[in-house]
S.K.: 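I'd like to ask some things about the structure below.
Keep in mind that what you see is a predicted model, and the values were worked out from it rather than measured. Both backbone and side-chain heavy atoms feed into the values below; hydrogens, waters and symmetry mates do not. Along the sequence shown, residues are numbered consecutively beginning with 1.
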Amino acid sequence: MRETVIIKLAETDSTNRFLRDYRGETGLRMTVATAEHQTAGRGQGGNTWESEAGRNILLSVMTHPQGLAARRQFVMLEAGALAVRDTLTLHADGFSIKWPNDIYWHDMKISGTLSECDISRGMVGRCILGTGININQRTFTGSAPNPVSLWQITGQETDRNQITDELLKRLEHYLDMVDTGRYSDIHDMYAGSLYRRNGLHAYRDAGGVFMARIERIEPDGRLVLHRTDGSLKEYMFKEVEHIITPCPTTTRQ
């Protein structure tokens, strides 16, 4: 059996859904589905993902982490986000991870990762990491306020196969760390790569807008903010958002 099996699709509704239903050959470490076009891609919380056919990277990776307790499953999302950030940093500077799963270039979003883990008896069994990365798309027409592509950043077409190979190599490294229990090391690298990890910034929750700084990320993924009134407040996904001024569309001729 091969360590990694890669399945290349012309089109699918969702690479995550494809792998959930897949019954063919699997890899010992990773089973990867890539697509040229995805008709129903989504991110955390049901957000949609805009991607022009044949221009970007759309892939999902199915793996089976060893000995990972359900309470620590957030480390899989951390591993996926770090792998994407490391890969993009080979091509330009200025990338960070916006809690919980997005990769930003300065104040613009270039990538998102969705983690779906199956839980049985308190342990993670199968885990699927779905990732979209804007590579060669030149314009965006959707409602997202701040998308950006690697082409818009560098002004150059980039070989998507090369990026995919680099990404899978780095993801394998982080999966090795997961399988050997190095959760704290991954968590520390994730925390050190966070978008707006220093200083006061504006946020919005159910109570309105406030200023705070990031205090820490809990191992289960909760964001702890230190508000200017001195209080600490914990948030799960979708309970709080950064306030980011929409960026003018980045264009190159």
S.K.: Go through Phe74 and Tyr183 one step at a time and tell me if the side chain to side chain contact (heavy atoms under 4.5 Å, CB included) criterion holds.
M.R.: CA-CA 10 Å; Phe74 184 68; Tyr183 311 145; over 6 Å; no
S.K.: Tell me whether Asn101 contacts the main-chain N or O of Gly112 through its side chain, where contact means a donor paired with an acceptor under 3.5 Å.
M.R.: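 No; judged by distance alone, with no hydrogens or angles, the pair does not exist.
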S.K.: I need the Ile110 CD1 to Asn146 CG distance, nearest 0.5 Å.
M.R.: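 That separation rounds to 11.5 Å.
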S.K.: Starting from Leu77, can I reach Tyr235 by hopping between I/L/V/M/F/W/Y residues whose side chains sit under 4.5 Å apart?
M.R.: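 Linked within one cluster.
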S.K.: Shortest non-hydrogen contact from Phe210 to Ala212?
M.R.: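 Where Phe210 meets Ala212 most closely, the heavy atoms are CE1-CB, 3.8 Å.
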S.K.: Quick one: CE on Met108 to CD on Gln152, what's the gap to the nearest 0.5 Å?
M.R.: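 One gets 6.5 Å once the value is rounded to the nearest 0.5 Å.
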S.K.: Does a side-chain heavy-atom distance below 4.5 Å link Ile133 with Thr87?
M.R.: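 Of all side-chain heavy-atom pairs linking Thr87 with Ile133, none is under 4.5 Å.
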S.K.: For the residue pair Val178 and Pro65, what are the closest heavy atoms and their distance?
M.R.: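 Closest pair (atom of Val178, atom of Pro65, distance): CG1-CB, 4.1 Å.
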S.K.: Can you find a heavy atom in the side chain of His242 that is under 4.5 Å from one in the side chain of Tyr203?
M.R.: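 Counting from C-beta outward, His242 and Tyr203 do come under 4.5 Å.
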S.K.: State, with a plain yes or no, whether a side-chain heavy atom of Val148 is found less than 4.5 Å away from one of His106.
M.R.: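 Not in contact.
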S.K.: Where is the tightest heavy-atom contact between Arg216 and Leu232, given as atom of each residue plus distance?
M.R.: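 Closest approach of Arg216 to Leu232, heavy atoms only: NH1-CD1, 4.4 Å.
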S.K.: Once rounded to the nearest 0.5 Å, what's the spacing between atom OG1 of Thr63 and atom CZ of Arg126?
M.R.: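 Thr63 OG1 to Arg126 CZ: 11.5 Å, rounded to 0.5 Å.
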S.K.: Are Asp118 and Val124 close enough that some pair of their side-chain heavy atoms sits under 4.5 Å apart?
M.R.: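 The answer is no; the side chains never approach within 4.5 Å.
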S.K.: Measuring only between side-chain heavy atoms, which start at C-beta, is Asp205 closer than 4.5 Å to Leu225?
M.R.: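 Not in contact.
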S.K.: For the backbone of Asn136 and the side chain of Arg55, can you confirm whether one donor and one acceptor N or O come within less than 3.5 Å of each other?
M.R.: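 Such a contact is found between Arg55 side chain and Asn136 backbone.
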S.K.: Is any side-chain N of the basic residue among Asp179 and Arg29 closer than 4.0 Å to the acidic one's carboxylate O?
M.R.: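 Counted as a salt bridge, because a side-chain N and a carboxylate O are separated by less than 4.0 Å.
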S.K.: Taking all non-hydrogen atoms of both residues into account, name the closest pair between Leu59 and Ile57 and its distance.
M.R.: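 Closest approach of Leu59 to Ile57, heavy atoms only: CD2-CG2, 3.7 Å.
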S.K.: For Asp102, is there an ion pair with Lys109 - N to carboxylate O distance below 4.0 angstrom?
M.R.: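 Answer for the salt bridge query: yes.
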S.K.: Anything under 30° is parallel, anything over 60° is perpendicular, the rest tilted; go ahead and classify Trp99 against Phe237.
M.R.: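 If you compare the ring of Trp99 with that of Phe237, the planes turn out tilted.
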S.K.: Search all heavy atoms of Arg170 against all heavy atoms of Leu90 and return the closest pair with its distance.
M.R.: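 Reported closest heavy-atom pair: NH2-CD1, 3.3 Å.
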S.K.: Compare all side-chain heavy atoms of Thr12 with those of Thr39 and state whether any distance is below 4.5 angstrom.
M.R.: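 No. Closest side-chain heavy atoms not under 4.5 Å.
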S.K.: Checking Ser149 side chain against Gln137 main chain: does a donor-acceptor pair fall under 3.5 Å?
M.R.: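 Checked: pair present.
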S.K.: How many angstroms lie between atom CZ of Arg160 and atom CG of Leu58, to the nearest 0.5 angstrom?
M.R.: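 Those atoms lie 8.5 Å apart.
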S.K.: How about Asp93: does its CG atom have over 12 heavy atoms from other parts shown lying under 6.0 Å from it?
M.R.: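 No - once you tally the heavy atoms of other residues, nucleotides and ligands closer than 6.0 Å, there are 12 at most.
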S.K.: Using links of under 4.5 Å between side-chain heavy atoms of ILVMFWY residues, direct or through other members, which residues join Leu9 in one cluster?
M.R.: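 Members other than Leu9 - counting any ILVMFWY side chain reachable under 4.5 Å - are Val5, Ile7, Phe18, Leu19, Tyr22, Met62, Ile128.
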S.K.: Nearest 0.5 Å, what's the CG-CE distance between Asp229 and Met211?
M.R.: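 Answer rounded to 0.5 Å: 12.5 Å.
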S.K.: Go through it in stages, so that I can follow the logic: the residues are Arg213 and Glu215, the test is salt bridge (charged side-chain N to carboxylate O under 4.0 Å, His left out), and I'd like the CA-CA distance, side-chain angles, deciding distance and then a yes or no.
M.R.: CA-CA 6 Å; Arg213 62 176 174 81; Glu215 179 73 14; 3.1 Å; yes
S.K.: Salt bridge or not between Arg222 and Glu239? Use side-chain N to carboxylate O under 4.0 Å.
M.R.: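 Judged by the 4.0 Å cut-off on N to carboxylate O distance, Arg222 and Glu239 do not form a salt bridge.
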S.K.: Please test Gln73 against Ser115 for side chain to side chain donor-acceptor pair (under 3.5 Å), starting from the C-alpha separation and ending with a verdict.
M.R.: CA-CA 9 Å; Gln73 64 181 292; Ser115 174; 5.7 Å; no
S.K.: Could you check if a side-chain atom of Asp86 sits within less than 4.5 angstrom of a side-chain atom of Tyr174, using non-hydrogen atoms only?
M.R.: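 Result yes, sub-4.5 Å side-chain heavy-atom pair found.
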S.K.: Check whether Ser111 reaches the backbone of Gly132 with its side chain - one donor and one acceptor, N or O, closer than 3.5 Å.
M.R.: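 Yes, the answer is positive, given that a donor and an acceptor are paired below the 3.5 Å cut-off.
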S.K.: Can you name the nearest heavy-atom pair linking Ala79 to Ile186, along with the distance?
M.R.: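 Closest heavy-atom pair between Ala79 and Ile186: N-CG2, 4.1 Å.
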S.K.: Ile119, Leu68: one ILVMFWY side-chain cluster at the under-4.5 Å cut-off?
M.R.: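 Hydrophobic grouping puts Ile119 with Leu68.
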S.K.: What I want to check is whether the side chains of Gln162 and His91 have a donor and an acceptor closer together than 3.5 Å.
M.R.: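 Side chains of Gln162 and His91: no pair found under 3.5 Å.
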S.K.: Going from CD1 on Ile163 to CD1 on Ile135, what distance comes out if it is rounded to the nearest 0.5 angstrom?
M.R.: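 One finds 5.0 Å between CD1 of Ile163 and CD1 of Ile135.
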S.K.: For Ser231 and Arg227, indicate whether the former's side chain and the latter's backbone hold a donor-acceptor pair under 3.5 Å.
M.R.: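 No: the side chain of Ser231 does not pair with the backbone of Arg227.
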S.K.: Any side-chain heavy atom of Ile244 within less than 4.5 Å of one from Lys98?
M.R.: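 Yes, at least one pair of side-chain atoms sits under 4.5 Å.
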S.K.: Using a 3.5 Å distance criterion without hydrogens, assess whether the side chain of Arg85 forms a donor-acceptor pair with backbone atoms of Ala83.
M.R.: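 Checked: no pair found.
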S.K.: One thing to verify: whether Glu25 and Arg2 come together as a salt bridge, which I'm taking to mean a side-chain N less than 4.0 angstrom from a carboxylate O.
M.R.: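 Yes, this pair counts.
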S.K.: Is it the case that Ser14 and Asn16 place a side-chain donor and acceptor less than 3.5 Å from each other?
M.R.: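 Their side chains do not contain a donor-acceptor pair, so the 3.5 Å distance test is not met.
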